[in-house]
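Take a look at the structure below.
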Amino acid sequence: MADRGDYEGDEAGRCGCGSRNMVMASGGKHAGCMDCGRIQEPETRDWPEARMCDNCAFRKGSPERADPFRWAEVSETITSGQYFHCHKGLPAKLDADSLSVSISPPDPTQGRVTVCAGWLAARIAHCKKIKAAE
């Protein structure tokens with residue numbers, strides 16, 4: 001595979017630490033970074049802030065929307081302006097006993113921090129609605 005040069009927005013195939021030295025785990029949903037050791041759901045988009053990922057919390061039918069309590073928490077970030085970060089590229093911990101995955105919060109000292117594209121679109125719509133009401 002040819003080495004890709006770096007450019008702004010070039011995120012596809014990168015670990016959250018910036019490395020491209022990723023290895024997909026069996027099953028193909030998570031990848032491991034051979035440089036920093038983190039396990040994560042890999043980023044497949046360049047410019048992740050520009051469009052929602054395939055399993056974005058803001059997509060219709062998402063597990064987050066199906067759970068009224070979780071959706072209330074997520075929706076609060078739209079009105080409050082508290083950033084909601086994209087889960088792709090964030091460190092994940094796999095619990096082998098329960099087969100569940102927990103994602104660590106973003107840490108800007110440990111790599112990139114990407115705002116969720118679905119959240120960004122919802123926040124812009126919210127701000128436009130407030131501006132129109134003024």
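Sequential numbering from 1 along the given sequence is applied to the chain's residues.
Scanning both residues, Ser80 and Arg123, for their nearest heavy atoms gives C-NH1, 4.3 Å. Lys88 and Cys53 get closest at one heavy-atom pair: CE-CB, 3.5 Å. When all heavy atoms of Glu64 and Ala57 are compared, the pair lying nearest together is OE1-CA, 3.4 Å. Across all non-hydrogen atoms, the minimal contact from Cys33 to Cys36 is SG-N, 3.4 Å. Taking every heavy atom of both residues into account, Gly13 and Met22 meet most closely at O-CG, 3.6 Å.
Atom NZ of residue Lys29 and atom CD1 of residue Ile39 lie 13.5 Å apart, to the nearest 0.5 angstrom. Within the model, atoms CZ of Arg20 and CZ of Arg14 stand 4.0 Å from one another, a figure rounded to the nearest 0.5 Å. With rounding to the nearest 0.5 angstrom, the CG atom of Leu120 is 11.5 Å from the OG1 atom of Thr114. In this structure, the separation between CH2 on Trp119 and SG on Cys86 is 13.0 Å, given to the nearest 0.5 Å.
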Take Asn55 and Glu41 through the test side-chain contact (heavy atoms from CB on, under 4.5 Å) and record every step on the way to the result. CA-CA 11 Å; Asn55 56 351; Glu41 189 172 332; 2.9 Å; yes
Apply side-chain contact (heavy atoms from CB on, under 4.5 Å) to the pair Cys116 and Cys56, showing each step before the final yes or no. CA-CA 8 Å; Cys116 172; Cys56 181; 3.6 Å; yes
Take Met34 and Ser19, measure what side-chain contact (heavy atoms from CB on, under 4.5 Å) needs, and give me the verdict at the end. CA-CA 8 Å; Met34 301 306 287; Ser19 170; over 6 Å; no
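Both Tyr83 and Met52 belong to a single network of hydrophobic side chains, linked directly or stepwise wherever heavy atoms of I, L, V, M, F, W or Y lie under 4.5 Å apart. If you chain together hydrophobic residues whose side chains sit under 4.5 Å apart, Val115 and Phe58 fall into the same group. Both Ile124 and Ile78 are assigned to one and the same hydrophobic cluster, defined by single-linkage of ILVMFWY side chains at heavy-atom distances under 4.5 Å.
For Thr44, there are no side chain to side chain donor-acceptor pair (under 3.5 Å) partners two or more places apart in sequence or in a different chain.
Of the listed residues (Lys129, Lys128, Glu134), just one forms a side-chain contact (heavy atoms from CB on, under 4.5 Å) with Lys131, and that residue is Glu134.
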